[in-house]
Asks: 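Sharing a structure below in structure tokens format, with a few things to ask.
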Amino acid sequence: MSELKNLGNESKYLFEYSSEMLESFDNKHPGNDTMVKFNCPEFTSLCPITGQPDFATIYLSYIPDQKLVESKSLKLYLFSFRNHGAFHEDCMNIIMKDLIALMEPKYIEVWGKFLPRGGLSIDPYCNHGKPGTKYEQMAEFRMMNHDLYPEKVDNR
């Protein structure tokens, strides 16, 4: 784990988007399918038009292959969106693509549940399965069925 720079050291928060914050480590069980889920209830980015803050809970789930994302680096990375101006859908796709580039997971999905602004909430969902594998089929199935049982929204 000596290649990890953030873990065990003072947190260095960046206030502009930076994928360089992300770090990974070796998966000790690459032959096992393990779903790893992160919930980030304090995600913040900025509207690229008005500059107003947008707040969301981000649900990130993935099945690792050879690498896993280090959680402190993920926290610092997500914080780096604090002053980043991008639409909700763009933020979720950026996060997914950065994590794919970092670890090449078997499967990954990112779902943002944004608080409403102007009476409208936006909940973008994106996913990816490794091409040519059962995980590609899983991604297609999950995309078609991801919101069959929508939650009762009473807290936003």
Side-chain angles (χ1 to χ4, degrees), residues 1-115 117 121-140 142-143 146-147:
M1 293 229 187
S2 60
E3 71 272 5
L4 297 176
K5 298 177 189 121
N6 292 311
L7 190 61
N9 294 312
E10 184 177 332
S11 297
K12 188 174 184 180
Y13 291 97
L14 297 181
F15 294 92
E16 293 295 331
Y17 162 74
S18 175
S19 63
E20 290 78 33
M21 298 299 297
L22 288 170
E23 296 182 345
S24 65
F25 61 95
D26 290 340
N27 181 4
K28 292 184 179 182
H29 308 279
N32 295 355
D33 280 350
T34 304
M35 183 69 80
V36 180
K37 184 173 184 180
F38 290 100
N39 301 317
C40 177
E42 298 176 345
F43 181 82
T44 307
S45 61
L46 298 178
C47 173
I49 306 300
T50 66
Q52 293 180 347
D54 291 313
F55 302 94
T57 297
I58 306 298
Y59 298 98
L60 188 156
S61 300
Y62 73 99
I63 300 173
D65 194 358
Q66 300 300 313
K67 297 284 185 184
L68 292 110
V69 66
E70 193 280 313
S71 60
K72 183 176 180 183
S73 77
L74 178 63
K75 175 183 78 166
L76 295 171
Y77 164 74
L78 292 173
F79 186 85
S80 80
F81 280 85
R82 171 66 184 91
N83 292 321
H84 182 67
F87 292 117
H88 305 338
E89 300 86 350
D90 190 30
C91 287
M92 298 307 97
N93 278 283
I94 289 169
I95 291 167
M96 183 182 73
K97 289 177 179 182
D98 285 346
L99 289 168
I100 290 169
L102 176 74
M103 15 172 226
E104 298 180 18
K106 296 174 183 176
Y107 174 79
I108 187 167
E109 62 186 35
V110 181
W111 196 345
K113 303 243 179 178
F114 283 82
L115 293 175
R117 250 192 326 112
S121 63
I122 302 173
D123 297 345
Y125 171 87
C126 56
N127 73 9
H128 173 79
K130 198 170 265 195
T133 70
K134 67 180 180 180
Y135 307 102
E136 182 177 35
Q137 296 164 0
M138 178 181 174
E140 291 173 8
R142 294 279 292 170
M143 182 59 77
H146 86 279
D147 209 10

Asks: Nearest 0.5 Å, please: how far is NZ in K37 from CG in L60?
Replies: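 Atom-to-atom, L60:CG and K37:NZ are 10.0 Å apart.
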Asks: Roughly how far apart are W111 CH2 and I58 CD1, rounded to 0.5 Å?
Replies: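 W111 CH2 to I58 CD1: 12.0 Å, rounded to 0.5 Å.
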Asks: Taking the side chain as every heavy atom from C-beta outward, state whether P64 and N27 have any atom pair closer than 4.5 Å.
Replies: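 Answer yes - side chains close enough.
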Asks: Can you list everything that forms a salt bridge (charged side-chain N to carboxylate O under 4.0 Å, His left out) with D26? Sequence neighbours excluded, please.
Replies: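 Checked D26 against salt bridge (charged side-chain N to carboxylate O under 4.0 Å, His left out); matches are K67.
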Asks: Less than 3.5 Å apart, which donor and acceptor atoms pair up between the side chains of residues 92-104 and the rest of the protein, not counting sequence neighbours?
Replies:
from : atom 1 : to  : atom 2 : distance (Å)
N93  : ND2    : E89 : O      : 2.9
D98  : OD1    : Y17 : OH     : 3.3
D98  : OD2    : Y17 : OH     : 2.4
D98  : OD2    : Y77 : OH     : 2.6

Asks: Which residues satisfy the salt bridge (charged side-chain N to carboxylate O under 4.0 Å, His left out) test with K75, sequence neighbours excluded?
Replies: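 Salt bridge (charged side-chain N to carboxylate O under 4.0 Å, His left out) list for K75, sorted by chain: empty.
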Asks: What pairs with Y107 under ring-ring contact (aromatic ring centres under 6.0 Å, His included), at least two apart in sequence or on another chain?
Replies: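 So Y107 forms no ring-ring contact (aromatic ring centres under 6.0 Å, His included) with any residue.
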Asks: Do you know which two heavy atoms are closest between A86 and P48, and how far apart they sit?
Replies: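 It is C-CD, 3.6 Å.
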Asks: Any non-hydrogen side-chain atom of Y125 less than 4.5 Å from a side-chain atom of D147?
Replies: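 Of all side-chain heavy-atom pairs linking D147 with Y125, none is under 4.5 Å.
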Asks: How many angstroms lie between CD1 in I108 and NZ in K130, if you round to the nearest 0.5 Å?
Replies: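 One finds 11.5 Å between CD1 of I108 and NZ of K130.
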Asks: Do K106 side-chain atoms and K134 backbone N/O form a donor-acceptor pair below 3.5 Å?
Replies: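 No, because the side chain of K106 does not come within donor-acceptor range (under 3.5 Å) of the backbone of K134.
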Asks: Taking the side chain as every heavy atom from C-beta outward, state whether Q52 and R117 have any atom pair closer than 4.5 Å.
Replies: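 Touching, per the 4.5 Å side-chain cut-off.
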Asks: Under the ring-ring contact (aromatic ring centres under 6.0 Å, His included) test, which residues partner F79, sequence neighbours left out?
Replies: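 Y13, F15.
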Asks: Distance check, rounded to the nearest 0.5 Å: E109 atom CD versus H128 atom NE2?
Replies: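 Result: 13.0 Å between the selected atoms.
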Asks: Just wondering, do D65 and P105 contact through their side chains at under 4.5 Å, heavy atoms?
Replies: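 No. Closest side-chain heavy atoms not under 4.5 Å.
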Asks: To the nearest 0.5 angstrom, please state how far the CG atom of D54 sits from the CZ atom of F87.
Replies: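 Between atom CG of D54 and atom CZ of F87 there are 9.5 Å.
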Asks: Got L46 and N83 here, is their nearest side-chain heavy-atom distance under 4.5 Å?
Replies: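 Yes, side chains in contact.
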Asks: Angle class for the F114/H88 ring planes (parallel below 30°, perpendicular above 60°, tilted otherwise)?
Replies: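 Rings of F114 and H88: parallel, under 30°.
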Asks: Is there a donor-acceptor pair closer than 3.5 Å between any side-chain N or O of T44 and the backbone N or O of R82?
Replies: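 Not at all, since once roles are kept as given, no pair shorter than 3.5 Å links the two residues.
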Asks: Looking at every non-hydrogen atom in both residues, tell me the closest pair between H146 and M143 and how far apart they are.
Replies: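 Nearest pair, atom of H146 first, then M143: ND1-O, 3.4 Å.
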Asks: Quick check: does any side chain N or O of N127 sit under 3.5 Å from a backbone N or O of A139, one acting as donor and the other as acceptor?
Replies: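 Looks like yes, one N/O pair under 3.5 Å.
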Asks: About how many Å separate CG of L68 and OG1 of T34, when rounded to the nearest 0.5 Å?
Replies: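 So the gap between those two atoms works out to 8.5 Å.
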Asks: For the side chain of S73 and the backbone of L22, is there at least one donor-acceptor N/O pair under 3.5 Å apart?
Replies: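 Answer holds: no.
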Asks: Listing request: all ring-ring contact (aromatic ring centres under 6.0 Å, His included) pairs with a residue in residues 30-75, at least two apart in sequence or in separate chains.
Replies: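 Sorted pair list: F43-F81.
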